Amino acid sequence: MRAIIFGITGQDGSYLAELLLKKGYEVVGITRRVSVPTLNRINHILPKIKIVEGDITDAFSVSNVIKEEEPDEIYNLAAQSHVGTSFKQPSLTWDVTAGGVLNILEAIRYSGRKDDIKFYQASSSEMFGKNYNLREGFAEMIKYQDEKTPFMPQSPYAIAKLAAHHLVRNYRDSYGIFACSGILFNHESERRGEKFVTRKITKWIGEFVASGMNKEFPALRLGNLDAKRDWGHAEDYVRGMWEMVQHEMPNDYVVATGETYSVRQFLDIAFKHVGIDDWQHLVVIDPEFYRPAEVDYLLGIPAKAKRVLGWEPHISFEQLVERMVDSDVETARLQRPDLQRV
Ligand code: NAP
Ligand code: GDD
C-alpha cells in the first residue's frame, strides 16, 4: 500500500506516518518550502519515507504529485490550523484550509484513478462552535456534540473547515469518490505546536522548572481559562483516521474521549505534576490571547466510531497532561546544561 500525507510535518502527520510505516505502507509526505527547518517531528523516520515538495494551495503541484505517486490512500492533514491566527489571517486560512481540499478532490477526480484512491479529510469539532445537544445525566443535563449536532462555526478557521467538510461529502455523493471526514476533537501530545494552549502551558512549566523555579522567570500569559475542551492524545486519534479509511464504506465520524475539562483544570494537573498547588500567581491573564468569538464548550460522543470501527482512546486526560509536562521538563533540562549540576 502507498499513502500520501499532506501535512506530514505537523503533529498528526508525524504520528500517522509512524503508524503507516509500522503497517508496511510506502509513505510519501508533502512538504512546502519555508525558510526554516520543519522536519524536526519526522527526522527519525526520514530515511523510510519519500518527501516531495508541494503546497496544497498550488493546484498543479497537488495534481502532479497525485498522478505521479499513484497512491492507494491520501490523508489531508494540511491546514492553517490555529484558530486565533485565523482571525488575523482569514484569507490565507481560507485558501489553505478550504481551497486546498478542493484542489485535492479535483486532482483525485481527474487522476484517472478516481475509484482506486481513498481520501481522508481532517475535519474539526470547531465546526460545532456554539452548538450542542442535551441529554440526561445522573445529576444534571449533559451537553455534548456528535455527528447529528448542527454546525455553528465561530471563526474563519472553523468556517473554512466546514466548507471543506461539505466539499468532501459533495464529491463523495456526486462522483462516488471514497472520501471520509474525521470530526476530531482536540488532540494533543509531546509534539503539539507551541502556540496551542496545552503545549504553551507545558513548555512554560518545563522552562520554569529548568530555571530552578526562579522568581524572576517571566509569567505565563494566557487568555480564557474557562473554555472547556475534549482533549485526547494524537497517537490514539491517528489510529482512528486509518480505521475510517479501512472501512468498506466512506463515512464521517466523531473522534473524541467523551470527557471535557477546562483550561483551568489542565493547569491544575500540569502544575501539580511538578509539585506546585498554587499556580495562580504564576499566570497573567492577557487580553491578547482572547478571541473575537470563542467556542466555550466541546464534549464529543464517539459512539459511532466505537460501534462501526471499534475505535477506543487508550490514553487518559491525566496521562496526556503528565506525558506532555514530563517531556517538556526533560527537554528544557537538556537545553540548560548549566542547571544539570544544580
Ligand atoms: P499542525 O501541527 O498545525 O500541522 C499542520 C500541517 O499542515 C503542517 O505539516 C503544515 O506544514 C501543513 N501545511 C500548512 N499549510 C500548508 C500548505 N499551504 N501546503 C501544504 N502543507 C501545509 O496541525 P495538527 O494538529 O497536526 O492537525 C492536523 C490536521 O487536523 C489539521 O488540518 C488541523 O486543522 C486538523 N485538526 C486538528 C485537531 C487537533 O486538535 N490537533 C483537531 C481537529 C482537526 P508546515 O510544517 O510547513 O507548517
Ligand atoms: N492558543 C491559546 N493560547 N489558547 C488559549 C490561550 C492561549 O494563550 N489561553 C486560553 N486559551 C483557550 C482558547 O481561547 C481556547 O478556548 C482553548 O484555550 C483552546 O485553544 P487552542 O489550544 O488554541 O485550541 P482550539 O480549541 O482553539 O483549536 C484546536 O482544536 C481544534 C479542534 O477542536 C486546534 O488544534 C484546531 O486546529 C482544531 O480544529
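On a predicted model such as this, the values are computed, not experimentally measured, just so you know. Numbering of ligands and ligand atoms starts at 1, following listing order.
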Problem set entry | cation_pi(Lys228, Tyr297) dist<6.0 Å, angle<=45 | no
Problem set entry | The one among Glu294, Arg291, Lys200 that brings a heavy atom closest to atom 23 (O) of ligand 2 | Arg291
For this session: Please determine if Ser81 has a nitrogen or oxygen closer than 3.5 Å to a nitrogen or oxygen of ligand 1.
Result: yes
For this session: Please confirm whether Thr198 comes within less than 3.5 Å of ligand 2 when only nitrogen or oxygen atoms on both sides are compared.
Result: no
Problem set entry | Atoms in ligand 2 with a heavy atom of Asn224 nearer than 4.0 Å | 9 (N), 10 (C), 11 (N), 12 (C)
Exercise. Looking only at distance, does Gln80 have an N or O less than 3.5 Å from an N or O of ligand 1?
Worked result: no
Exercise. Any side-chain donor-acceptor pair under 3.5 Å between His44 and Glu18?
Worked result: yes
For this session: Can you pull out the closest protein heavy atom to atom 36 (C) of ligand 2? Residue, atom name and distance to 0.1 Å, please.
Result: Ser81 O, 3.3 Å
For this session: Measure Arg192 to ligand 2 on non-hydrogen atoms and call it side chain, backbone, both or neither using the 4.0 Å cut-off.
Result: side chain
Problem set entry | Val96 heavy atom under 4.0 Å from ligand 1 | yes
Problem set entry | Arg32 contact mode with ligand 1 (heavy-atom cut-off under 4.0 Å) | side chain
For this session: Considering only non-hydrogen protein atoms, determine which one is nearest to atom 20 (C) of ligand 1 and report residue, atom name and distance to 0.1 Å.
Result: Ile56 N, 3.7 Å
Problem set entry | Check: Arg2 main-chain N/O paired with Asp72 side-chain donor or acceptor under 3.5 Å | yes
Exercise. Which one holds for Val197 and ligand 2: side chain close, backbone close, both close, or neither close, with close meaning a heavy atom under 4.0 Å?
Worked result: both
Exercise. For ligand 1, which part of Ala234 has a heavy atom less than 4.0 Å away: the side chain, the backbone, both, or neither?
Worked result: neither
Exercise. Taking N or O atoms only and a 3.5 Å limit, does Gly13 qualify as a polar contact for ligand 1?
Worked result: no
Exercise. Does some non-hydrogen atom of Phe196 fall short of 4.0 Å from ligand 1?
Worked result: no
Problem set entry | Tyr290, portion touching ligand 2 at heavy-atom distance under 4.0 Å | neither
Problem set entry | Close N or O approach (Phe185, ligand 2; < 3.5 Å) | no
Exercise. At the 4.0 Å heavy-atom cut-off, does Lys161 count as touching ligand 1?
Worked result: yes
Exercise. Out of Leu282, Asp328, Leu267, Val274, which residue meets the side chain to side chain contact (heavy atoms under 4.5 Å, CB included) rule with Ile205?
Worked result: Val274
Exercise. Using heavy atoms and a threshold below 4.0 Å, how should the contact between Leu298 and ligand 2 be classified: side chain, backbone, both, or neither?
Worked result: side chain
Exercise. Judging by distance only, is a nitrogen or oxygen of Thr57 under 3.5 angstrom from one on ligand 1?
Worked result: no
Exercise. So which bit of Val83 gets within less than 4.0 Å of ligand 2, heavy atoms only: side chain, backbone, both or neither?
Worked result: side chain
Exercise. Is there a nitrogen or oxygen of Asn76 sitting under 3.5 Å from a nitrogen or oxygen of ligand 1?
Worked result: no
For this session: Could you tell me whether some N/O pair between Thr38 and ligand 1 is separated by less than 3.5 angstrom?
Result: no
Seminar exercise, completed: Quick look: His82 vs ligand 1, heavy-atom contacts under 4.0 Å, and the answer is neither
